[in-house]
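Model, not experiment: these values are computed from the prediction. Order of the sequence lines fixes the chain letters, A, B, ..., with proteins taken first and strands second; residue numbering starts at 1 for each chain.
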Amino acid sequence: MQKPENDRRDFIKLSVLATAGAACGSTLCSCGDQASDNISKKIKLLSQDGELIEVDNDILLEYSGPMCAPPKEARKGILGRKFVMVIDLARCGNARKCVSACQKMHHLPTEKEWIKVLKMQDNEMSSPYWQPTTCFHCDHPPCVKVCPVDATFKRTDGIVLIDTDRCIGCRFCMVACPYSARVFDWSEPEISPEVAALPYSPETGVPPKKGTVSKCDFCPDKLRKGEIPYCATACPNGVIYFGDENEDTVSNGEETLRLSQLLEDRAGYRLMEDFGTKPRVYYLPPVNRAFPFEEEETSAS
Amino acid sequence: MKGQKNILSSTNQAFEALQNDLLPRSFGGLGKLWVGVLLLISATGLFFYIRQLQDGLVVTAMRDYTTWGIYISNFVFFVAISLVGSLISAILKLSNVKWRTPLTRISEMIAVAAIVFAAIIIVIDMGRPDRFLNVIFYARIQSPITWDVIVISTYLLISVMLLYLTMLPDLALMRDKWVGIPKWQHKLYDILSLNWQDTTEQKRILAKSVKILAIVIIPVAFGIHTVTSWLFATTLRPGWDSTNFGPYFVSGAFMVGSGAVIAAMYVFRIHYGLGKYFTDKHFDKMGKLLVLLSLVYLYFNINEYFVPAYKMKGFESEHIMELFTGAYAPMFWSIQILGMMVPIVVLMFKKGRKPFPMFLVSLLVIVGAWFKRFLIVVPTLAHPFIPIDQIPESWKHYSPTIAEWCITAGTLAGALLIVTFLVRLFPVVPIVETAEDYGYLDEDGSHSQQDKIIEGHDNT
């Protein structure tokens with residue numbers, strides 16, 4: 001399948017511009033930092049069709065921001081993917097590394113948590129346990145249903161995102177979400193000039209904006225690079241598995257497991273199934289725990 | 001159609017006297033004080049709103065859990081009050097209740113003022129009021145907010161038309177017969193009266209238009225408050241997840257709207273000496289109507305609270321207990337008793353339906369209704385399904401800030417200002433319609449049917 005060179009150049013230009021066309025971010029990842037100091041040098045790239053191609057370095061557009069799609073492209077989702085998260089409650093010891101990593105990488109202040117570690121207790125007799133709680137990226141998202149302006153949307157890869165350039169701040173989605181996953185910028189966010197200068201994408205929610213809603217986004221910038229979200233890599237206990245339902249695999253960074261097998265063996269469940277929201281986050285029950293439950297003094301404030 | 005004299009050429013003595021009674025009046029000392037106080041409250045609200053625009057919604061006590069507060073409950077209150085326009089002008093009109101005539105204008109004025117401020121308070125609640133037009137540019141028909149925008153703007157349009165069209169003969173009258181008014185005011189009536197000459201053809205078109213509007217406004221009125229209730233009922237939250245919410249809201253709305261009209265009737269009766277038009281009999285009729293509406297509301301309240309309280313389902317029971325015996329119990333029982341039970345009992349008695357006791361009762365109803373909406377909005381949000389944890393202590397409890405109170409008070413004062421200025425410019429009691437009812441305009445010249453009209457129809 002040979003195309004004229006011009007077509008191919010345009011194609012590559014577009015791909016790099018949009019960075020979203022690629023089914024997997026890793027196909028284009030050779031456009032690294034070395035690009036800037038070598039002028040009109042040939043560079044090898046793997047095209048979307050799986051061909052190794054050589055292009056002029058100077059037709060590549062430099063992209064300094066995080067690996068993420070521009071607002072329009074961000075509405076579509078990563079082709080062929082169906083992301084899913086599995087949280088192993090038996091391993092969570094409330095280390096809260098997921099929270100701090102998430103806050104650091106998304107430039108959130110300490111009182112704003114996209115992932116929370118909540119103390120849960122199902123009844124008086126059963127033992128309490130820690131439950132990392134993210135946005136569940138429901139397949140029937142009540143938040144998306146109620147949004148009057150299509151600022152929050154569901155993508156083909158299962159991710160629910162928010163376009164803070166369009167959000168009117170009515171907070172109906174926060175009220176509609178039964179899992180209290182969403183948070184609001186009640187005042188002008190305190191961010192460094194570097195963060196403020198980052199190119200905006202709904203895939204990162206950066207830079208944050210006053211008077212708009214935000215929440216856990218499953219880190220699409222990491223996913224485009226073929227990596228798992230910050231919370232999953234930060235966890236010292238491998239609590240958070242992340243993966244692709246289509247591939248039937250999830251990984252916590254150390255081990256990679258069959259999703260279906262894991263859910264079957266460990267009796268995976270989703271929170272409040274009777275709401276019909278169909279979350280994309282599964283929990284493995286807190287049985288045979290790695291840690292005894294210890295109440296810590298967590299002064300988040 | 002019985003023959004009627006042209007209002008513009010009528011020289012009937014009683015008609016002239018009626019005009020003297022009902023033409024708008026300049027503010028006296030008390031009126032100026034009233035306007036001054038309202039302006040002050042509105043200005044304070046505006047000041048705090050400008051600060052809110054600068055600093056963001058952080059000036060309120062709303063946070064990630066209690067994400068809706070008194071702005072939203074105030075919005076529900078305004079929408080509720082506005083329903084009275086359709087009750088008096090449409091429902092009573094179509095059921096041929098004659099005594100409603102003097103009450104139509106004031107109820108339409110209240111409806112318009114309330115619906116305008118319902119729209120304003122919802123913009124105040126927005127995190128990004130600068131993006132208000134997104135609601136139109138990116139409208140998604142799936143969202144109950146979009147339905148609310150559509151139905152509320154429709155209701156505003158019909159209410160303004162009902163207020164305006166029924167006023168055309170009065171406007172013409174003021175244009176032609178009222179001398180000694182400032183030029184701009186004359187000009188205003190001249191433009192607004194749309195060359196009304198009180199011809200038979202004009203009267204026919206007007207009667208037909210008003211009838212169509214009166215029919216159309218009823219489903220729209222049910223629509224605005226049902227859709228408003230759906231802002232809550234379409235969510236999964238305890239206390240809101242109820243199929244009863246539509247009728248519960250609509251019945252409460254008719255009740256508080258009637259309360260507002262009664263309060264206004266009393267104020268104008270005393271202040272403008274309109275006892276001849278807002279008579280004891282009108283109060284008696286409105287009292288009976290209010291009892292009926294309160295009983296309907298009581299019925300929906302029983303449905304709303306008794307059934308979940310009987311089942312005591314998990315999250316629902318937490319919410320119910322919070323209202324019945326928890327932190328919100330004093331407010332809840334005060335509202336249910338003072339704002340609903342006491343009015344029902346007082347208005348059952350003939351003595352209770354005298355103007356002054358009615359005025360007090362209507363105040364109870366209005367204040368109770370405002371706080372009732374607070375209890376509908378706030379406690380639910382304080383009890384989410386996922387436990388509230390790991391957040392600053394102050395975020396867990398919602399008690400409105402000074403800024404929030406001032407802005408809310410500003411909108412209430414603003415709505416009262418609209419009514420006040422409308423009454424300053426336009427007759428609070430329809431002049432021509434009242435004259436028609438009294439027979440002052442009949443060809444045969446017979447009049448003083450006043451008593452007949454008021455006593456003759458006992459259909460509350």
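When each of A:Ala151, A:Cys167, A:Ala181 is checked for heavy-atom pairs under 4.5 Å with chain B, A:Cys167 comes out on top. When each of B:Ile388, B:Ile72, B:Ile145, B:Leu381 is checked for heavy-atom pairs under 4.5 Å with chain A, B:Ile145 comes out on top.
Among B:Thr146, B:Val149, B:Asp148, B:Ile136, the single residue meeting the side-chain contact (heavy atoms from CB on, under 4.5 Å) criterion with A:Pro148 is B:Thr146.
For chain A, the nearby part of B:Tyr65 is the side chain; its heavy atoms alone come within less than 4.5 Å. Of the two parts of B:Leu231, the backbone and the side chain both hold a non-hydrogen atom closer than 4.5 Å to a non-hydrogen atom of chain A. Contacts of B:Leu53 with chain A are made by backbone atoms alone, with heavy-atom separations under 4.5 Å and no side-chain atom involved.
Here the CZ atom belonging to A:Arg166 is positioned 14.0 Å from the CZ atom belonging to B:Arg128, to the nearest 0.5 angstrom.
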Assess whether salt bridge (charged side-chain N to carboxylate O under 4.0 Å, His left out) is satisfied between A:Lys112 and B:Asp64, documenting all intermediate values. CA-CA 9 Å; A:Lys112 215 166 142 189; B:Asp64 289 343; over 6 Å; no

May I have the step-by-step check of side chain to side chain contact (heavy atoms under 4.5 Å, CB included) for B:Thr67 and A:Trp186, ending in yes or no? CA-CA 10 Å; B:Thr67 186; A:Trp186 297 95; 3.8 Å; yes

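B:Thr235 is listed as a side-chain neighbour of A:Phe172, based on a closest heavy-atom distance under 4.5 Å. Two residues are said to be in side-chain contact when any heavy atoms from C-beta on lie closer than 4.5 Å; A:Val144 and B:Gln142 fail this criterion. Within the 4.5 Å cutoff, side-chain heavy atoms of B:Arg140 are placed close to those of A:Cys147. Side-chain contact between B:Arg131 and A:Thr212 is present, with heavy atoms from C-beta onward closer than 4.5 Å. Residues A:Val146 and B:Trp230 fail the side-chain proximity criterion, which asks for heavy atoms closer than 4.5 Å. No side-chain heavy atom of B:Asp241 sits less than 4.5 Å from a side-chain heavy atom of A:Phe275. Taking the side chain as every heavy atom from C-beta outward, A:Leu271 and B:Phe385 never approach each other to under 4.5 Å. Between B:Asp55 and A:Lys210, every side-chain heavy-atom pair lies at or beyond the 4.5 Å cut-off.
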